[in-house]
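This report concerns only the one structure given below.
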Protein chains: 2
Amino acid sequence: MATQRTPRTDPLTLEVVELIGTVVARYHEEYEEAAAEHALTGAQAKLLSLLTLEPLPMRRLAQKLRCEPSNVTGIVDRLEARGLVERRPDPEDRRVKLAAVTEEGRRVARGLRDALDFAREPLAGLSHEERLSLRALLLRMLAA
Amino acid sequence: MATQRTPRTDPLTLEVVELIGTVVARYHEEYEEAAAEHALTGAQAKLLSLLTLEPLPMRRLAQKLRCEPSNVTGIVDRLEARGLVERRPDPEDRRVKLAAVTEEGRRVARGLRDALDFAREPLAGLSHEERLSLRALLLRMLAA
DNA sequence: TATTGTTATACTCTATAACTATA
DNA sequence: TATAGTTATAGAGTATAACAATA
């Protein structure tokens, strides 16, 4: 079966594409702002948030952040210098270092998440049914 | 009238927030990829795209890109070195320099836009009616 | 030999402050 | 004096390549 091509010139499609671009832009701006309120860069905020779930090897962090492992060294260095993250040995493999949030790091991450929830609050304007529709539409988009 | 608070703990809301985050992440990845295919950084791609509409003063570009004017100098420098952009004097004010795309720049921008349209193609999975719904929902979100 | 994390290097983006040429 | 663009500087993220310790 041949894959069907979307009509790129369809004005409605173009408008929706434009709107998605706007949502993406606003999402990013507010993410950066929220991070900056805690004196974090975007990359630092992402890494810190990842670690609130569980300690992770440096290598694993690089995969999650989609960057080279050498970069993670610096980001963790800076977070560690502020006492938000610490490096622990991995009992199972002495080559591995596990990055883990400290208590202070967890506090900052909590504040960050609250700010982000607020940033994402445009959803407030939608009813329960509308949220259901939006979920379905987003799922279909992502499945494409 | 008191502003109503969205229930942040509502599982559906959290799920939709998560989905939006996923869409945002994918959008950005594909934007960077598309730019990289033309040996452009994200900032360079944005600036180049802006200029395809009309030549703009450096100051104006900084506003559009939401960065300091001093940064625009470097980005335009690099694009100019590749012959994709040129600086023109403004006949009305000799302090102003207008950045404008060259023919070659326009060609690259066109290729970039095509790649982006392709990247945004997840919309292909939606019917006309679904695109209408999505537009309405996005508009309501952005209005919040 | 292969893998983990690090270091060294170089480039880009970023903001701040100081400078120049115009207005 | 105010504004437009630039330069100088410093910090952060990024990729590449080479390295030490461990597997």
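Throughout, a chain's letter reflects where its sequence line sits, starting with A, and its residues are numbered from 1.
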Starting at atom [atom1] of [X], determine the distance to atom [atom2] of [N], rounded to an integer number of angstrom.
X        : N       : atom1 : atom2 : value
Leu47(A) : dG13(D) : CG    : C1'   : 12 Å
Glu80(A) : dG5(C)  : CD    : C1'   : 13 Å
Met58(B) : dT22(C) : CE    : C1'   : 16 Å
Asp90(B) : dA23(C) : CG    : P     : 10 Å
Arg60(A) : dG5(C)  : CZ    : C1'   : 16 Å
His28(A) : dG13(D) : NE2   : C1'   : 13 Å
Arg88(A) : dG5(C)  : CZ    : P     : 15 Å

Inspect the surroundings of CD in Glu15(B) and state if more than 12 heavy atoms from other residues, nucleotides or ligands are less than 6.0 Å away.
yes
Side-chain contact test, heavy atoms from C-beta onward, threshold under 4.5 Å: evaluate it for Val17(A) versus Arg131(B) and give yes or no.
no
pair Val23(A)-Val23(B): side-chain heavy atoms closer than 4.5 Å
no
Taking for each residue the nucleotide of DNA chain D with the nearest heavy atom, is it Thr41(A) or Thr73(B) whose nucleotide lies nearer the 5' end?
Thr73(B)
How would nucleotides 14-23 of chain D be written as a contact map, 5' to 3', with B for base contact, S for sugar-phosphate-only contact and - for no contact, using protein heavy atoms under 4.0 Å?
BBBB----BS
Would you say Lys97(A) reaches dT6(C)'s phosphate, i.e. side-chain N/O to OP1/OP2 under 4.0 Å?
yes
Can you tell me if the side-chain N/O atoms of Arg59(A) get under 4.0 Å from OP1 or OP2 in dA2(C)?
no
Hey, could you give me the OG/NZ distance between Ser49(B) and Lys64(B), rounded to the nearest 0.5 Å?
12.5 Å
Criterion side chain to side chain contact (heavy atoms under 4.5 Å, CB included) against Val76(B), the qualifying member of Val72(B), Leu79(B), Thr73(B):
Val72(B)
Remaining members of Val96(B)'s ILVMFWY cluster at a side-chain heavy-atom cut-off under 4.5 Å?
Leu98(B)
